[in-house]
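What follows is a short report on a single structure.
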Amino acid sequence: MNTSYQLFIDGVWREGSDGTKVPVIDPATEEAFAEVSWGTPEDANLALAAAEKAFAEGGEWSTWSPTRRGRFLFAVAALVRQNIAELSALFSREHGKPPHQASGELEDAARYLEYFGGWADKLTGMTIDLGRGQMDYVLREPLGVTVHIAPWNYPLDIFCRSIAPALAAGNTCVVKPSREISVVTLALARLFQEAGLPAGVLNIIPGSGSVLGKVLTEDPRVRGIIFTGSVATGRTVLQAAARNITPVVSMELGGKAPSLVFVKDATELDGPVGGAVGALAWNAGQSCGQRARWYVRRDLYEPFLERLAPRVRNLKVGPATQPGVDLGPLVSKKHYDNVMNYIRIGIEEGARLIAGGGRPEGLGEKGYFVAPTVFADCHNGMRIVREEIFGPVITVIPVDSLDEAVDLANDNMFGLSSEIWTSDVTTAHSVASRLDVGHVTINGSAAFGFEVPFGGVKLSGLGREGGPEAILAYTRLKNVWVNLSRK
Ligand code: TXE
């Protein structure tokens, strides 16, 4: 065990109040390479008190102009880029992501800081004409103390996409990273300190989700909750928020994205096949927007599978330290067991295995590696089609018409992301309007970013992150009426 990471509360690095430390496991070797202090309810209370004090009028943070807050976020983004090699090595070790994906996520984190840094001095209120003798104006104010509960799949991207708008708008933050991935978040927080953030504005406490989550989401000092995670925990967080009617700024709860393949003929299958390969390889499929259900027009169905199978078998699975790895291990033993269980379910449900189906060969018994797996001949009644697997597993389903594909795509509890492959412009836009989701891509999967609103409908959650609407959600409106006729 060579490195020990601590909590970051009120500008100070410290042990948890009861001294508990937990090992940080490398998912490729299953060995501990560091340890991290575990926060207690007492620590959570300290963090909330620090954030409240930092937000209060008269504190240093309240003297920072919006321009200064924006410049600060740009300065942190620059530090992220300066330290990208070191951070991405740590990130790969803790998470298992291959280096190009780890550094790509750090670049995304930097872009969120810049995008919302640019917004800091562009937030405005308004005046409303109520007639002579009176004046009415609307102030746009920060919410106050915001609590950010982050997941493990894109921990840095999701960390920055919510704390950047929160800080840009003048809020203070208490962040609880996921129990699986926390040390890279703490390493990133050092850069905020290095750039000169006042004490208490950003506090980070790793620890048990159920223990800390309860304290953080039920506390009346909290004026905004940002959550990304499972539907079950999302429900618990909403119930906790109900206690003090705390605004839930956004809640992203996963997905089961459909991809509709309606290209002209088999000569146009390169794009969708590449998209399906990416759905398996990128982040080892541990993405809420993963294209997990492929509805392929029947005449394209076998050609699609024939082209897909060899490309999937060619994907290189291994530890992030090996050059040329396309997908690393899954994040934890618990998640590995869960994904392996879904693969068993798929086989029992009678789906046809086209590639993968278990542990990849040649990697021994250590490490949470799963071979990229494609199930064909699936239907919407199967659990592997209905439920979020969140791993390198996709399902393929033949369809006879566009109407059938749209109906089947919408027949799911989630409604986050989706896509359509077609060269017919009318088909593309009419399908986009009929899909019951928050996000559609046409002829490509990767197109969403910092500048656009991202979020879901149905059980995928509420609110949007990214884009101008996101930062507005980190503010509240105060209306002021003035009597101008009073002598
Ligand atoms: O989620 P949890 P897990 C989905 C994905 C995955 C499944 C389970 O399908 O396989 O959820 O993942 C904190 N009050 N997604 O177990 O438990 C927890 O510590 C407040 C999709 O990681 O929901 C962590 O920080 N917080 C998703 C965060 O909630 C609590 C990304 C998420 O953990 C809490 C992640 C409580 N009572 C998982 N209990 C996406 N939208 O992409 C736990 N937490």
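Atoms within a ligand are numbered from 1 in the order they appear, just like the ligands themselves.
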*Between Phe450 and Trp119, does the ring centroid distance fall short of 6.0 Å?*
no
Any nitrogen or oxygen of Glu388, side chain or backbone, less than 3.5 Å from one on ligand 1? yes
Note: Pro151, heavy atoms under 4.0 Å from ligand 1, region reported as side chain
Residue, atom and distance of the protein heavy atom nearest atom 22 (O) of ligand 1 read Trp152 NE1, 2.8 Å
shortest atom 33 (O) of ligand 1-to-protein heavy-atom contact is with Arg179 NH1, 4.4 Å
Ranking Val147, Thr228, Thr217, Thr233 by closest non-hydrogen atom to atom 32 (C) of ligand 1, top hit is Thr228
Does Gln286 come within less than 4.0 Å of ligand 1, judged by its heavy atoms?
no
Aromatic plane relationship, Trp294 with Trp421 - under 30° parallel, 30 to 60° tilted, over 60° perpendicular: parallel
A student comparing Cys288, Pro206, Gly229, Gly255 should find that the heavy atom closest to atom 38 (C) of ligand 1 comes from Gly229
One finds that the ligand 1 atoms under 4.0 Å from a non-hydrogen atom of Leu253 are 41 (N)
Closest heavy-atom approach to atom 37 (N) of ligand 1 among Ser210, Ser178, Gly456 is made by Ser210
The reported gap from OG1 in Thr233 to CG in Leu238 (rounded to nearest 0.5 angstrom) is 11.0 Å
- Message: Angle between ring planes, Tyr112 versus Phe116, binned at 30° and 60°: parallel, tilted or perpendicular?
- Response: parallel
Atoms of ligand 1 under 4.0 Å from any heavy atom of Thr236, numbered from 1 in the order shown, are 37 (N)
Do His148 and Phe159 have side chains that get closer than 4.5 Å, going by heavy atoms?
-> no
| Ion pair check, Glu15 and Lys21, cut-off under 4.0 Å | yes
Margin query: For ligand 1 and Lys176, I'd like to know whether there is a polar contact (N/O to N/O, distance under 3.5 Å).
Written below: yes
Next on the checklist: Any nitrogen or oxygen of Phe390 lying under 3.5 Å from a nitrogen or oxygen in ligand 1? Just yes or no.
Outcome noted: no
Per-atom filter on ligand 1: closer than 4.0 angstrom to a heavy atom of Ile149 are 13 (C), 20 (C), 25 (O), 26 (N), 28 (C), 29 (O)
Between the OG1 atom in Thr29 and the OH atom in Tyr368, the distance rounded to the nearest 0.5 Å is 8.0 Å
The atoms of ligand 1 lying under 4.0 Å from a heavy atom of Ala150, numbered in the order shown, are 24 (C), 25 (O), 28 (C)
For the pair Arg111 and Glu451, find out whether any cationic side-chain nitrogen is under 4.0 Å from an anionic carboxylate oxygen.
yes
Practice prompt. Report yes if the side chains of Thr246 and Thr217 come closer than 4.5 Å at any heavy-atom pair, otherwise no.
Written response: no
* Is there a heavy atom in Tyr154 that sits closer than 4.0 Å to ligand 1? -> no
*Please say whether Ser230 places an N or O atom under 3.5 Å from an N or O atom belonging to ligand 1.*
yes
**Prompt:** Salt-bridged, Glu141 to Arg476, with N to O below 4.0 Å?
**Reply:** yes
At under 4.0 Å between heavy atoms, what of Val237 touches ligand 1? The answer is side chain
Taking only non-hydrogen atoms of Gly213 and a 4.0 Å limit, the atoms of ligand 1 in range are 14 (N), 20 (C), 26 (N)
